[in-house]
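Taking it in order: structure first as structure tokens, then the write-up.
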Amino acid sequence: MTSSTARYNAKVVEAKWQAEWSANRCFEAEEDPKRPKYYVLEMFPYPSGRIHMGHVRNYTLGDVIARYKRARGFNVLHPMGWDAFGLPAENAARDQKIHPAEWTYANIANMKAELQSMGLSLDWSRELATCHPGYYRHQQKLFVDFYKAGLAYRKESWVNWDPVDHTVLANEQVIDGRGWRSGALVEKRKLTQWFFKITEFSDDLLTALNGLERWPDPVRLMQRNWIGRSEGLRMQFDYVGEKREPLEIYTTRHDTIFGASFMALSAEHPAALAVAENDPKAAEFIAECQRLGTSEEVIEKTEKKGYDTGLRVKHPFVDGVELPVYIANFVLMEYGTGAIFGCPAHDQRDLDFARKYGLPVVPVVCPKGVDAATFEVGTEAFTDNDSGILINSDFLGGMSVPEAKAAIAERMEKRGAGERTINYRLRDWGISRQRYWGCPIPMIHCDKCGIVPEREENLPVQLPDDVEFDQPGNPLDRHPTWKHTDCPECGAKAVRETDTMDTFVDSSWYFARFCSARDDDPVARDAVDYWLAVDQYIGGVEHAILHLLYSRFFMRAMRTCSFVGLDEPFAGLFTQGMVCHETYRDQNGNWLYPEEVVQGDDGQVRLASTGEPATVGRSEAMSKSKKNVVDPGAIIDKYGADIARWFMLSDSPPERDMEWTDAGANGAWRYVQRIWRLVNDHTPNLAAAGSAMPNALDGTALELRRATHKAIKGVGDDIERFRFNRAVARIHEFSNVLGDFKPRGDGDDWALREALETLVTLFGPMMPHLGEELWRVLGHETLLVDRSWPAADETLTVDETVTIGVQVSGKMRGTIEMPRDAEKADAEAAALALDTVQRAIGGNAVRKVIVVPNRIVNIVV
RNA sequence: GCGGGCGUGGCGGAAUUGGUAGACGCAAGGGACUUAAAAUCCCUCGGGCGUAAGCCCGUGCCGGUUCGAGUCCGGCCGCCCGCACCA
């Protein structure tokens with residue numbers, strides 16, 4: 001096909017349609033109870049300054065869904081905002097002497113322009129930034145209400161202290177013993193902190209996961225493990241000869257009580273601290289334990305160590321047996337009661353410990369099929385509690401593990417010295433941060449009244465503008481006047497809380513704020529009732545636990561305080577893969593940017609500047625440190641947004657990591673030009689728009705219509721199932737058919753118009769600018785975004801003839817063409833008539849013939 | 001250590017969920033057009049044998065179920081991710 005049509009100019013065309021959509025307010029959503037709603041949300045970005053390819057992928061995926069659902073007749077809400085509080089702004093303030101707000105808002109302006117150049121169908125009228133008083137004011141109101149409802153509280157606790165960032169970190173923010181942002185080794189400190197009572201909902205957060213059917217299973221599993229429910233027993237042990245409160249432990253293996261040979265206390269356990277008061281050696285051991293880090297390497301290498309306190313407790317079921325009480329470095333204060341009983345034969349840690357200190361190792365559960373009389377535990381504990389029979393255990397003898405657990409629990413409960421307990425790994429969410437650039441916690445410390453919430457009419461408690469960042473620590477605390485105020489209760493001089501909230505708080509309810517982004521209350525009830533839950537949430541797996549769990553907690557807390565009427569914020573969740581790129585290094589091992597290298601004809605990669613050879617490394621997630629980043633702005637500038645979007649959707653399934661390549665982007669560009677020529681070249685052959693379908697199309701027209709309607713069905717199904725790469729492939733196939741199409745017979749012009757309009761509509765959600773432009777080329781005055789998704793004619797999506805594979809004894813020997821749903825006997829006869837089949841049978845007797853209609857014929861000899 | 005996922009051409013990946021393995025794209029090679037290049041168009045493209053028709057092999061490895069296995073089951077190997085002294 002030759003063409004005189006000028007090349008498609010993405011730059012001019014894209015700006016034009018973006019302006020058009022904006023002028024027509026195409027994407028501004030309004031509640032309309034008469035229409036079904038669809039809330040599409042991508043995780044909002046941190047305004048770092050520039051968008052990266054991960055954003056492009058994220059927002060492209062969301063935009064395809066939003067535009068598709070819109071075409072399907074849904075009232076779509078698709079908003080965007082900024083997760084705008086956080087440490088980088090303070091670092092910038094310190095390094096560049098610029099106020100965090102100024103830095104943040106400049107970044108927002110820049111990134112907004114970049115996002116707008118992508119042609120996303122976003123409702124910008126609902127834009128919000130979490131650092132704006134108009135947002136955090138409402139967050140403070142939520143905090144006060146949570147406080148009044150008992151869901152926010154203050155307590156002294158051991159915290160993870162980041163010595164570089166000078167702030168407290170939640171457990172979730174400590175990765176391998178290091179701060180998630182600074183990477184510094186985390187220390188333990190005791191501080192008074194604000195907490196959200198997420199454990200109030202432990203059980204509900206766990207069980208409700210079962211109802212989240214449109215969440216990926218791995219994410220649900222991660223949350224399940226994070227919440228970490230276990231069923232066990234709290235048991236009390238009486239001390240020997242001491243007038244102390246009994247020692248309470250938590251265990252899930254009470255069936256092994258007859259194998260107990262010691263007790264172990266956490267170094268932070270009150271009983272351990274009590275011993276240390278009169279025992280310098282104990283105090284020294286405790287201090288040693290607290291110096292220990294919590295990183296993986298440390299835990300791995302650290303020997304199980306203990307200190308014998310000299311205390312003894314009585315075995316609850318064996319008179320005269322006394323168990324030594326140790327302080328041990330492997331017992332956690334935060335889990336259970338901070339004390340355990342050790343059964344070395346059936347717990348690896350206990351076994352290591354017992355071997356070190358020469359404590360008895362008595363097996364009490366015998367594996368099935370092993371002789372109980374000779375069963376011994378060597379260096380490996382027997383921990384399988386599904387199989388196994390109790391031995392050496394008095395009244396438990398011969399029981400299974402569950403039976404033994406029940407028996408022990410019953411006796412301990414009857415005695416009043418035990419209680420069946422459900423325990424969770426999940427701990428309350430510590431939200432205090434000693435930072436400036438965060439939402440101030442709206443509480444006031446009064447000498448007379450204690451801790452008092454700021455009055456609602458005084459909200460927001462606004463951040464002061466005049467702050468310095470030249471020394472570590474919290475600028476709010478150092479500020480000369482800010483924290484001094486009057487007590488809302490008694491009016492006396494009082495002091496503000498100077499901690500600000502963890503930025504995860506900001507992102508735990510923004511999706512609700514979007515429903516009524518300009519309302520005077522945190523949320524307008526009718527708006528959230530209409531729009532929530534988010535129908536489709538899209539973002540990276542890195543938020544699989546924290547952000548999503550906190551948001552789920554927030555919905556429950558907001559429900560408790562009557563802000564919303566539902567528990568689960570996100571009905572559907574999709575976690576996308578990362579965008580990767582090859583990595584390059586020079587001969588000294590320094591990372592190189594992609595644009596610093598060139599590939600020669602010999603395949604060798606060299607430095608563009610000096611010609612010095614470079615090495616190509618594996619494809620990895622784009623990161624500044626490895627310099628394998630490609631700037632979306634440059635791509636959009638060179639090729640246009642549609643090409644970036646199209647390539648993002650092609651080839652790789654969205655949940656998997658994808659590799660960005662120049663060749664791939666080029667391929668997308670060529671495809672866009674091809675479509676452009678295709679539509680322009682065919683346009684003169686079209687029937688007039690709006691003309692009625694001629695009767696009884698056949699021949700080439702019918703074939704084209706079949707391709708058209710198969711494409712409609714296939715692409716729609718694929719988009720619904722998030723199989724965008726498959727949808728792209730189908731559009732390619734369809735446009736290949738159109739490229740080969742030569743109008744000849746009656747009605748071809750009509751079928752061609754249908755096909756071209758369909759093509760444009762199908763890729764419209766993916767390449768919206770090209771779509772609008774070609775829609776205009778096809779003679780329409782309307783906007784493509786206002787066009788409904790076409791309906792597939794089911795009678796055209798199935799072929800009249802099918803190609804059926806023919807096997808002889810399971811080996812492919814040929815194919816036959818048959819009418820759809822042909823009789824089995826006909827298919828069998830046609831199969832047997834094939835030369836290749838006869839040769840393969842080779843005179844052997846046919847034992848049976850399996851015919852699966854429209855699929856396969858298998859002749860078994 | 002515990003939990004989860006993945007393994008298909010040179011590459012990204014398809015495969016109607018047990019029924020013609022390799023759709024679609026990228027890369028590569030050959031050809032046409034051109035003074036030339038770009039662009040475009042046509043052809044080839046899992047491996048082996050064969051002039052050919054065709055035959056054999058092939059979805060990480062070994063085994064099993066089945067008329068039939070990339071898909072299901074068992075056991076290995078390799079890579080990736082999450083959690084981690086949780087009693």
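All chains are named by letter (A, B, ...) in the order of the sequence lines, taking the proteins before the strands, and each is independently numbered beginning at 1.
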Residues in ring-ring contact (aromatic ring centres under 6.0 Å, His included) with [X], at least two apart?
{"X": "A:Phe722", "answer": "A:Phe574, A:Phe724"}
{"X": "A:His709", "answer": "none"}
{"X": "A:Phe647", "answer": "A:Trp660"}
{"X": "A:His543", "answer": "A:His547"}

### Query
Of all the base pairs, Watson-Crick or G-U under 3.5 Å, which form stems of three or more consecutive pairs involving RNA chain B?
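Output for stems: B:1-7 with B:77-83, B:10-12 with B:24-26, B:28-32 with B:40-44, B:46-49 with B:54-57, B:60-64 with B:72-76.
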
What is the nucleic acid contact for [X], judged by heavy atoms within less than 4.0 Å: base, sugar-phosphate only, or nothing?
{"X": "A:Thr803", "answer": "base"}
{"X": "A:Arg425", "answer": "base"}
{"X": "A:Val860", "answer": "sugar-phosphate"}
{"X": "A:Arg220", "answer": "nothing"}
{"X": "A:Ser650", "answer": "nothing"}
{"X": "A:Ile850", "answer": "base"}
{"X": "A:Val806", "answer": "nothing"}
{"X": "A:Asp350", "answer": "nothing"}
{"X": "A:Arg656", "answer": "sugar-phosphate"}

### Task
Measure the OG1-CG distance between A:Thr708 and A:Leu738 for me, rounded to the nearest 0.5 Å.
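So the OG1 of A:Thr708 and the CG of A:Leu738 are separated by 6.5 Å.
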
Could you tell me whether the phosphate oxygens of [N], OP1 or OP2, come under 4.0 Å of any side-chain nitrogen or oxygen in [X]?
{"X": "A:Arg670", "N": "B:C26", "value": "yes"}
{"X": "A:Tyr335", "N": "B:A87", "value": "yes"}
{"X": "A:Arg224", "N": "B:C83", "value": "no"}
{"X": "A:Asn725", "N": "B:A14", "value": "yes"}

#### Entry: Nucleotide nearest A:Lys811 when distance is taken to its side chain, options B:C85, B:C57, B:C55
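Of all the options, the side chain of A:Lys811 is nearest to B:C57.
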
### Task
Kindly point out which of B:G68, B:G4, B:G13 is positioned nearest to the side chain of A:Ser652?
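Closest of the options to the side chain of A:Ser652: B:G13.
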
#### Entry: Any residue meeting side-chain contact (heavy atoms from CB on, under 4.5 Å) with A:Lys638, in chain and number order, not counting sequence neighbours
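Expected list: none.
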
Close N or O pairs between protein and nucleotides 15-18 of chain B (under 3.5 Å):
from, atom 1, to, atom 2, distance (Å)
B:A15, OP1, A:Arg723, NH1, 3.2
B:A15, OP1, A:Arg723, NH2, 2.7

#### Entry: C1' gap between B:A39 and B:U34, integer Å
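The same atom, C1', in both gives a distance of 11 Å.
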
### Task
Kindly write out the residues that satisfy salt bridge (Lys or Arg N to Asp or Glu O under 4.0 Å) with A:Arg253, not counting sequence neighbours, or none if the list is empty.
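Testing A:Arg253 for salt bridge (Lys or Arg N to Asp or Glu O under 4.0 Å), a comparison that skips the adjacent residues, returns A:Asp255.
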
### A:Glu380 atom CD, neighbour heavy-atom count above 12 within 6.0 Å
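Open: at most 12 neighbouring heavy atoms sit under 6.0 Å from CD of A:Glu380.
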
Mind checking what makes side chain to side chain donor-acceptor pair (under 3.5 Å) contact with [X], not counting sequence neighbours?
{"X": "A:Glu659", "answer": "none"}
{"X": "A:Tyr357", "answer": "none"}
{"X": "A:Asn725", "answer": "none"}

### Task
Check whether any side-chain heavy atom of A:Leu426 sits under 4.5 Å from a side-chain heavy atom of A:Leu549, and report yes or no.
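They are in side-chain contact.
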
### Message
Among residues 728-735 of chain A, which ones have heavy-atom contacts with RNA chain B below 4.0 Å?
### Response
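Going residue by residue through residues 728-735 of chain A, the ones with a heavy atom under 4.0 Å of RNA chain B turn out to be A:Ala729, A:His732, A:Glu733.
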
